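Written below as structure tokens is the structure these notes are about.
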There are 2 protein chains.
Amino acid sequence: MKRIAESTVRRLSLYLSFLEGIDRQGLKTISSDELARLGGTTSAQVRKDLSLFGSFGKRGLGYSVPELSGKLREILGLGKQWRVCIIGAGKIGAALARYRGFAERGFNVTAVYDSDEAKIGKRWENLTVRPISELEKDATKQDFDIAVVATPAENTPAVVKQVVRAGIKAILNFAPVQLSVPSDVTVRNVNMAMELEGLSFALSNRSE
Amino acid sequence: MKRIAESTVRRLSLYLSFLEGIDRQGLKTISSDELARLGGTTSAQVRKDLSLFGSFGKRGLGYSVPELSGKLREILGLGKQWRVCIIGAGKIGAALARYRGFAERGFNVTAVYDSDEAKIGKRWENLTVRPISELEKDATKQDFDIAVVATPAENTPAVVKQVVRAGIKAILNFAPVQLSVPSDVTVRNVNMAMELEGLSFALSNRSE
DNA sequence: ATTAGTTTGTGAACTAATTCACAAGCGCCA
DNA sequence: TGGCGCTTGTGAATTAGTTCACAAACTAAT
Ligand SMILES: NC(=O)c1ccc[n+]([C@@H]2O[C@H](COP(=O)([O-])OP(=O)(O)OC[C@H]3O[C@@H](n4cnc5c(N)ncnc54)[C@H](O)[C@@H]3O)[C@@H](O)[C@H]2O)c1
Ligand SMILES: NC(=O)c1ccc[n+]([C@@H]2O[C@H](COP(=O)([O-])OP(=O)(O)OC[C@H]3O[C@@H](n4cnc5c(N)ncnc54)[C@H](O)[C@@H]3O)[C@@H](O)[C@H]2O)c1
């Protein structure tokens, strides 16, 4: 299959969230034009994005909301339940572990790791904080799909090495560092300082 | 000035963080090639990015680390202190309010708002949670530059309306909804569910 | 059955972003 | 001072991503 751009995948994800809203409103079909308006893009973009994976619409009618939702879920791999571990039981880790939105979409946090003796063994929601040193061993049994890394920047490269050795192939990284991983491991970074700097840039360069 | 792409601004932000690391190591100069390796891009990309704003390097030598850092800070508007308010004193809001990394970069959280009577008036770090209904009035005195929105998705459009009415021109949004704002307001979205779906897609479509 | 009114799917055209490639500038050394 | 080794800065070429524009396919109405 043709290589799919990251921007395309983001939009698919966005379309799916709109379809879920539309579905709750009880509407049965939607046009590319309407999806485009919701997403701040163009109808041609919507149709092109979808056409990379097949033809799901009916000419003159638009797309069936439940059918297209199903297709997008399939494309995005949301059919299955994913096993997620969180590394770093700190402030961000806590917010994420308690967030319901993830499980709703099939991302189940099944373990939390930390290196701090004071935190290890403590109960956290329905989980117990495990020592990071056990990650590799645990992974052979638990088979994590995704690691969410929320450790201090300076420790993160070492943490990520352990994650990779544990055979985990996808990482969502919150530390403001650039990770280097083997090519079969996918990384997404969430860097809030960078987002704020983007806003700072926008505020500083208006009307020029 | 020429329009600058968002991807360029992200990279500038990234280069700056590398330069700070390099500076701590005591190195005086760095080449575009080295910056490129750190950022996972090419040296031509680095030079092109920088050349949009001026010529900061010395041929044969590279870039002076402190000088380029200074230029980047200037370009990104990091010279001044920014006033940030957080809207939504929940799990994510709490993590952000307690995060030191922001103040270090000149983003000062000077107020927190919520609509929940049980939270209003409570102390939070060195701040007191204020009622969202007072945002507009407060803004005339406090002059917030950036609003960080961390409210439940369903309330967020209404919250953002209030933020816009308060005259705030930059929003960092954590709710998984698409915001519609006047064109003089800049929005950046942090959508973790979307990031996880990107990883799900990658895991589901390997080696095809 | 025909027609009018929609909306898709997709090559072609266009625009944006990245990479190439090389002249020009700089430091260093003899 | 001249030559060598590096590295920048930038047009030109290339590649990637978006938008245009229209034939084809469908519904509904008559
Ligand atoms: N808090 C925020 O709002 C925020 C915002 C943006 C980015 N971040 C980034 O997210 C990361 C975590 O931030 P935080 O505020 O949650 O920090 P925190 O200090 O609250 O939590 C970090 C946790 O990681 C644990 N840890 C340290 N080394 C470890 C290791 N080797 N293995 C396993 N666990 C280890 C610590 O014990 C601690 O519990 C940091 O990189 C930070 O820069 C945080
Ligand atoms: N917790 C996470 O890890 C996480 C992850 C991704 C996205 N998010 C998103 O971030 C947002 C906040 O999530 P959270 O987990 O912090 O939720 P939360 O329920 O812990 O906090 C939300 C806060 O917003 C306040 N609030 C509600 N309506 C308000 C209004 N009109 N004005 C001002 N305050 C209002 C609530 O009183 C509450 O304190 C949500 O949109 C959520 O989807 C959260």
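The shown structure was predicted, so the numbers you read here are calculated from the model rather than taken from an experiment. The chains referred to below are lettered A, B, ... by the order of the sequence lines, with proteins before strands, and numbering in each begins at 1.
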- Taking the inter-plane angle between the rings of A:F53 and B:F201 on a 0 to 90° scale, is it parallel (under 30°), tilted (30 to 60°) or perpendicular (over 60°)? perpendicular

- Nearest-Å distance, NZ (A:K48) to C1' (D:dC22)? 13 Å

- Is B:R11 salt-bridged to B:D49, going by a charged N under 4.0 Å from an acidic O? yes

- Query: In whole angstroms, how far is the C1' atom of C:dT6 from the CD atom of A:E34?
  - Reply: 13 Å

- Look through every strand shown and name the nucleotide pairing with C:dT7 as Watson-Crick or G-U wobble, where both distances are under 3.5 Å. D:dA24

- Query: Any donor and acceptor pair, going by atom type alone, linking the side chain of B:N173 with main-chain N or O of B:V177 inside 3.5 Å?
  - Reply: yes

- Item | Per B:S31 side chain, nearest of listed nucleotides D:dT7, C:dG9, D:dT18 | D:dT7

- Query: Which part of the nucleic acid, if any, lies within reach of A:A44 when heavy atoms closer than 4.0 Å are counted: base, sugar-phosphate only, or nothing?
  - Reply: base

- Query: Would you say C:dT7 has OP1 or OP2 under 4.0 Å from some side-chain N or O of A:S32?
  - Reply: no

- Item | Distance, rounded to the nearest Å, where A:D49 contributes CG and D:dA16 contributes P | 17 Å

- Residue pair B:T151 / B:T156, side-chain donor-acceptor N/O under 3.5 Å: yes

- In whole Å, what is the span from the CG atom of A:L68 to the P atom of C:dT8? 11 Å

- Message: What is the separation between atom CZ on A:R47 and atom P on D:dA25, rounded to the nearest whole Å?
- Response: 16 Å

- Is the distance from OP1 or OP2 of C:dT18 to the nearest side-chain N or O of B:R11 less than 4.0 Å? yes

- Task: Return the value, rounded to whole Å, for the distance between atom CG of B:L35 and atom P of D:dT7.
- Result: 13 Å

- Query: What's the CG-P distance between A:L52 and C:dG11, to the nearest Å?
  - Reply: 12 Å

- Message: Closer than 4.0 angstrom, basic N to acidic O: yes or no for A:E6 and A:R10?
- Response: yes

- Between NZ of A:K58 and C1' of C:dG5 the distance, given in whole Å, is 18 Å

- Message: With a cut-off of less than 4.0 Å, is there a side-chain N or O of A:R59 near OP1 or OP2 of D:dC22?
- Response: no

- Message: Can you see if the side chain of A:S55 gets near the phosphate of C:dT8 - specifically, an N or O under 4.0 Å from OP1 or OP2?
- Response: no

- Query: Would you say B:Y63 reaches D:dG9's phosphate, i.e. side-chain N/O to OP1/OP2 under 4.0 Å?
  - Reply: yes

